[in-house]
There are 2 protein chains.
Amino acid sequence: MQSKNDIESLVMHFGEMGSRWGFNRTVGQMLALIVLTEQPLNADQIAASLGVSRGNVSMGIKELQSWRLIRTQSQPGDRKDYFVPNGSIWDLAMQVMIERRKREMDPTLSMLRSHIMQADSDDQSYALSQMQQIHDLLEMFGRWFDDMQKLNPNQLQSLLKLGSSVGKVLDMKDRLFGSKD
Amino acid sequence: MQSKNDIESLVMHFGEMGSRWGFNRTVGQMLALIVLTEQPLNADQIAASLGVSRGNVSMGIKELQSWRLIRTQSQPGDRKDYFVPNGSIWDLAMQVMIERRKREMDPTLSMLRSHIMQADSDDQSYALSQMQQIHDLLEMFGRWFDDMQKLNPNQLQSLLKLGSSVGKVLDMKDRLFGSKD
DNA sequence: TTGTATTTTCAGAAATTTCTGAAAATTCTA
DNA sequence: TAGAATTTTCAGAAATTTCTGAAAATACAA
């Protein structure tokens, strides 16, 4: 059975990467374990698999739920909570992006917004102009990201696969209908 | 002079956000300070501004340079190194995305690749199929990201501003030329 | 209700990351 | 080349984050 070792090494890898993705080692390992295991797992099984304390698993579950990456699935005839991924791989990836946008961009955007609003209207300082540029860029990315979520998954996938040839399509559109910017 | 306090509070904010963006507090503060200050700054000035040790600033500079976010600019008649942002706000944002992709996606992609290659060809395990899906998704995003960088900044900006109406443009293209997927 | 199974909480311990500051290394000038 | 200016390094200290495990809280069954 090769896949046991496969799972184990990917779980370790997700642990190491965890902190780069916004959670800690245990949470990363838990996510990998739940995603790679076909059967729903309960907290004791997770703790035993990863060799960490029950309390740590409880905190990790809370974290993964706050990211909307896992959900409970009750098993008939068992009072324990069992956990499964909250959707397909695609769904999980989208969810990670949504949450990271919330945690990494939104606070900065609103801080910049309030600074810019409070500025004197005759303030032409370099710092303010830089803030304005950061703000505009973040806002543009945010809007674009919201818009992408409105596309249906098929449109989104075909856009992703289109890659840089989207440039040609855009040029074509502009030739046919004129550019507004 | 309002902008002094503006700078200070944004520097503090970038410090707090730093760890979410992949660096530590001091590095985040240094980046904000350099980006918001019109004049090039030397290491002593940065240390004094932020109230941290000279050694810490030296390490922070190395880090920001490894992200290609700052560069030196020599001041005539001064032997000290002076630092400035390595390009426009847009350039810096792109650079952060490029580096994060390198640090957050590439290692996982190559680990998955090697697992999948080594798998027995008759392995139909759930875990392997999940790994394959994660791999394909990461690869698609990576390719798309590379492709986006090939667009010129104007095309890229117009794509961003187009938002979800890109769906309509895609549908139009498919009607005119047929869909390949 | 009472007792049992299960989950959560959280104080302190352990692990990890960040920071300091003095010494070493490097770079430049004369 | 010597010596002054500047930068880097890195061992240990400080700060922060993560983890444990026992106690408290909650949920359920009889």
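Per chain, numbering begins at 1; letters A, B, ... match sequence-line order.
Side chain of B/N24 to main chain of B/T26: a donor-acceptor pair is present (N/O by atom type, distance under 3.5 Å, no hydrogens or angles). In terms of modelled atom types and a separation under 3.5 Å, the side chain of A/N152 and the main chain of A/N154 share a donor-acceptor contact. When atom types are taken as modelled, the side chain of A/S49 and the backbone of A/I46 share no donor-acceptor pair closer than 3.5 angstrom. Counting only distance, with no hydrogens or angles, the side chain of B/R101 and the backbone of B/F145 share no donor-acceptor pair below 3.5 Å.
Under the 4.5 Å side-chain contact rule for hydrophobic residues, B/V96 and B/V84 do not share a cluster. A/L31 and A/M12 fall into different hydrophobic clusters, where Ile, Leu, Val, Met, Phe, Trp and Tyr side chains are chained together by heavy-atom contacts under 4.5 Å. The same ILVMFWY cluster, assembled from side-chain heavy atoms under 4.5 Å apart, contains both B/L156 and A/L137. Note: the hydrophobic cluster containing A/I34 does not contain B/Y126 (ILVMFWY, side chain heavy atoms under 4.5 Å, direct or indirect links).
The side chain of B/T26 places no N or O atom within less than 4.0 Å of a non-bridging phosphate oxygen (OP1 or OP2) of C/dT18.
Between A/D78 atom CG and C/dT6 atom P there is a gap of 7 Å when expressed in whole angstrom units. Here C/dT7 presents its P atom at 10 Å from CD1 of A/I46, a figure rounded to the nearest Å. Distance, B/E63 CD to C/dT18 C1': 12 Å, rounded to whole Å. The separation between A/I70 atom CD1 and C/dT7 atom P is 12 Å, rounded to whole Å.
With the nearest nucleotide of DNA chain C identified for both B/F23 and A/Y82, A/Y82 has the one nearer the 5' end.
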All N/O pairs under 3.5 Å across the protein-nucleotides 8-10 of chain D interface:
unit_1 : atom_1 : unit_2 : atom_2 : d
D/dT8  : OP2    : B/S58  : OG     : 3.1
D/dT9  : OP2    : B/K62  : NZ     : 3.1

Close N/O contacts between protein and nucleotides 12-17 of chain C (under 3.5 Å):
none

Tabulate protein N/O versus nucleotide N/O from nucleotides 25-30 of chain C, keeping only pairs under 3.5 Å, one per line.
unit_1 : atom_1 : unit_2 : atom_2 : d
C/dT27 : O2     : B/R79  : NH2    : 3.3

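Residues B/L160 and B/W90 share a closest heavy-atom pair of CD1-CH2, 3.9 Å.
With A/M30 as the partner, the side chain to side chain contact (heavy atoms under 4.5 Å, CB included) test is satisfied by one option alone out of A/N56, A/L50, A/L69: A/L50.
Using bins of under 30°, 30° to 60° and over 60° for the plane-to-plane angle, the ring pair B/W21/B/F14 lands in the perpendicular bin.
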